[in-house]
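First up is the structure itself, then whatever we jot down about it.
Order of the sequence lines sets the chain letters (A, B, ...), proteins ahead of strands, with each chain counted from 1.
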Amino acid sequence: MKLTTLQIEQLYKFTRQHYMEHYDVQTELVDHLANDIEQIWIEKPALTFKQARDISFKKFGIFGFMDVLEEKQKQMNKKYFRIILGFVKQWFSIPKIIVTLTMFYCFYLLLQFSFAQYLFPGLFFTILIIEFILLLKRRKKLNTKFKTTGKKWLFEDIIETQGNGNVIFGLFYVFQFLTPNSYDNLSTSSSLIISAATTLAVIIGYVSLIVIPKKAEYLLEKHYPEYKLV
Amino acid sequence: MGNQKLYKGSLQTIILKLLAQNDKMYGYEITQKVKELTKGELKITEGALYPALHKLEAEGLLDVEVAKVGNRLRKYYKLTENGTKETANKLEEMQEFLKTMQQLVNPKFSLE
């Protein structure tokens with residue numbers, strides 16, 4: 001006996017109830033459960049759909065789908081950081097390197113001004129606010145997409161949460177720990193380190209909040225063969 | 001049923017070997033195939049199979065393909081070029097391991 005379309009939908013709902021909210025991970029588990037339920041029915045045809053489903057689910061062990069989800073998240077995060085690194089590396093190529101060096105030099109010059117103690121934190125907070133606005137825009141866009149399609153993709157979530165969270169916190173930590181309490185008599189090496197860290201934070205922010213989200217559709221299509229099928 | 005713990009470290013090798021013989025396979029098919037080949041001696045648990053498959057995929061050893069089968073989507077795994085090379089390495093390692101274990105548990109004495 002084969003599962004009906006309605007029962008397949010019920011299996012999707014069942015995985016959602018067990019904390020699997022991403023369509024890509026759900027799909028594989030739904031197919032697995034469906035195959036197993038059909039096999040169970042061959043051996044015990046008297047069982048109801050729910051009884052067979054519960055027998056199948058028990059085979060995943062006491063943690064249910066959690067082991068599957070954890071490993072998948074770990075792999076996706078690794079993949080995300082590899083992509084970020086790839087984009088950051090690309091950044092350090094001509095002519096982008098000229099932009100980078102100019103930015104670095106501007107930050108360095110800024111630190112030499114007598115009013116750097118106002119300018120530098122001001123600049124930092126401006127960048128933070130810009131990134132915050134980008135974050136809100138992206139979240140709104142994703143929420144609209146979810147409402148229309150009803151599907152969440154794990155990799156898309158990672159692009160959003162990692163991209164926004166890490167970048168903003170990264171910038172915050174650079175500001176918190178690397179910027180000096182006093183800008184008077186700043187040594188050359190300190191100025192160089194602060195300028196380099198700020199430049200890097202800006203590049204990572206730009207890559208995570210603008211470049212990668214812009215390429216998100218392409219990355220999702222490349223990563224998920226099923227993305228276009230549904 | 002044998003001691004499943006003994007098989008645990010070999011899960012990736014088993015998956016790679018099966019894929020080397022079968023072009024492409026999906027998760028449930030792998031569990032069933034292993035059960036069939038080992039006559040029920042080895043049962044790959046679902047909670048171990050998918051994390052292993054996802055890990056191999058992330059390492060670039062497996063490629064995925066999705067097809068609509070009936071009223072549902074099915075995810076197939078197949079070896080990449082690197083995966084094929086790695087399968088040969090892992091099988092070689094496995095042979096070495098088996099040889100060493102054989103020597104340990106069943107040493108043959110000779111008069112040489």
Side-chain angles (χ1 to χ4, degrees), chain A residues 2-9 11-12 20 23-40 42 56-82 151 154-155 221-230, chain B residues 1 4-5 7-9 11-12 15 18-19 22-37 40 42-80 82-83 86:
Chain A
K2 290 272 172 201
L3 262 71
T4 63
T5 307
L6 184 69
Q7 284 166 334
I8 295 290
E9 274 169 29
L11 285 180
Y12 271 105
M20 307 293 280
Y23 185 74
D24 45 315
V25 202
Q26 286 171 347
T27 297
E28 189 165 41
L29 294 173
V30 164
D31 184 45
H32 185 99
L33 290 171
N35 283 318
D36 204 31
I37 291 168
E38 286 167 359
Q39 188 61 36
I40 291 169
I42 294 175
S56 183
F57 180 57
K58 272 192 186 141
K59 294 179 186 169
F60 278 85
I62 48 165
F63 296 113
F65 301 135
M66 291 321 281
D67 290 339
V68 181
L69 182 64
E70 268 176 32
E71 182 62 32
K72 189 79 188 167
Q73 278 173 332
K74 216 163 81 186
Q75 301 307 335
M76 290 288 200
N77 276 321
K78 273 189 197 166
K79 196 182 181 107
Y80 175 75
F81 282 109
R82 270 203 301 269
K151 292 181 182 69
L154 182 59
F155 197 46
E221 272 175 35
K222 197 175 144 200
H223 186 77
Y224 294 124
E226 66 268 44
Y227 192 71
K228 284 225 147 180
L229 280 175
V230 292
Chain B
M1 215 170 82
Q4 299 292 319
K5 275 187 189 168
Y7 294 112
K8 216 179 162 187
L11 183 57
Q12 290 197 356
I15 294 172
L18 280 178
L19 288 171
N22 290 283
D23 185 38
K24 63 176 185 181
M25 292 177 96
Y26 54 97
Y28 190 72
E29 192 183 9
I30 295 175
T31 59
Q32 295 306 100
K33 191 83 187 166
V34 170
K35 219 163 108 180
E36 180 197 318
L37 287 172
L42 172 59
K43 280 182 188 155
I44 298 184
T45 59
E46 285 74 357
L49 172 74
Y50 289 103
L53 281 170
H54 298 156
K55 199 162 187 229
L56 290 168
E57 185 197 340
E59 286 168 4
L61 302 180
L62 302 184
D63 216 353
V64 288
E65 226 176 79
V66 175
K68 204 166 168 58
V69 179
N71 50 11
R72 55 189 190 244
L73 290 175
R74 181 161 294 163
K75 194 170 170 187
Y76 287 96
Y77 292 89
K78 56 182 186 180
L79 288 179
T80 58
N82 272 345
E86 190 56 26

| Is there a side-chain contact between B:Tyr50 and A:Glu71, using heavy atoms and a 4.5 Å cut-off? | no

| note | Between A:Asn35 and the options B:Glu29, B:Gln32, B:Arg74, the side-chain hydrogen bond (donor to acceptor under 3.5 Å, both in side chains) test singles out B:Arg74

| query | For the residue pair A:His32 and B:Tyr28, does the interplanar ring angle fall in the parallel (under 30°), tilted (30 to 60°) or perpendicular (over 60°) class? | reply | perpendicular

[atom1]/[X] to [atom2]/[Y] distance, rounded to the nearest 0.5 angstrom?
X: A:Phe60; Y: B:Leu49; atom1: CZ; atom2: CG; result: 8.5 Å
X: B:Lys75; Y: A:Thr27; atom1: NZ; atom2: OG1; result: 9.0 Å
X: B:Leu73; Y: A:Asp24; atom1: CG; atom2: CG; result: 11.5 Å

| Partners passing side-chain contact (heavy atoms from CB on, under 4.5 Å) against A:Ile40 (at least two apart in sequence or in another chain) | A:Asp36, A:Leu47, A:Ala52, A:Ile55, A:Ser56, A:Lys59

| field | Option that, when pairs with chain B are counted at under 4.5 Å, heavy atom only, ranks first among A:Gln39, A:Lys2, A:Glu70 | value | A:Gln39

| Carboxylate-amine/guanidinium contact B:Arg72 A:Glu226, below 4.0 Å | no

Which atom pairs, one a donor and one an acceptor, fall under 3.5 Å between side chains of residues 55-64 of chain B and the rest of the protein, sequence neighbours left out?
none

Minimum-distance pair of heavy atoms, taken over all atoms of [X] and [Y]:
X: A:Gln75; Y: B:His54; result: CG-O, 3.8 Å
X: A:Leu3; Y: B:Asn71; result: O-ND2, 2.9 Å
X: B:Pro51; Y: A:Val68; result: CG-CA, 4.0 Å

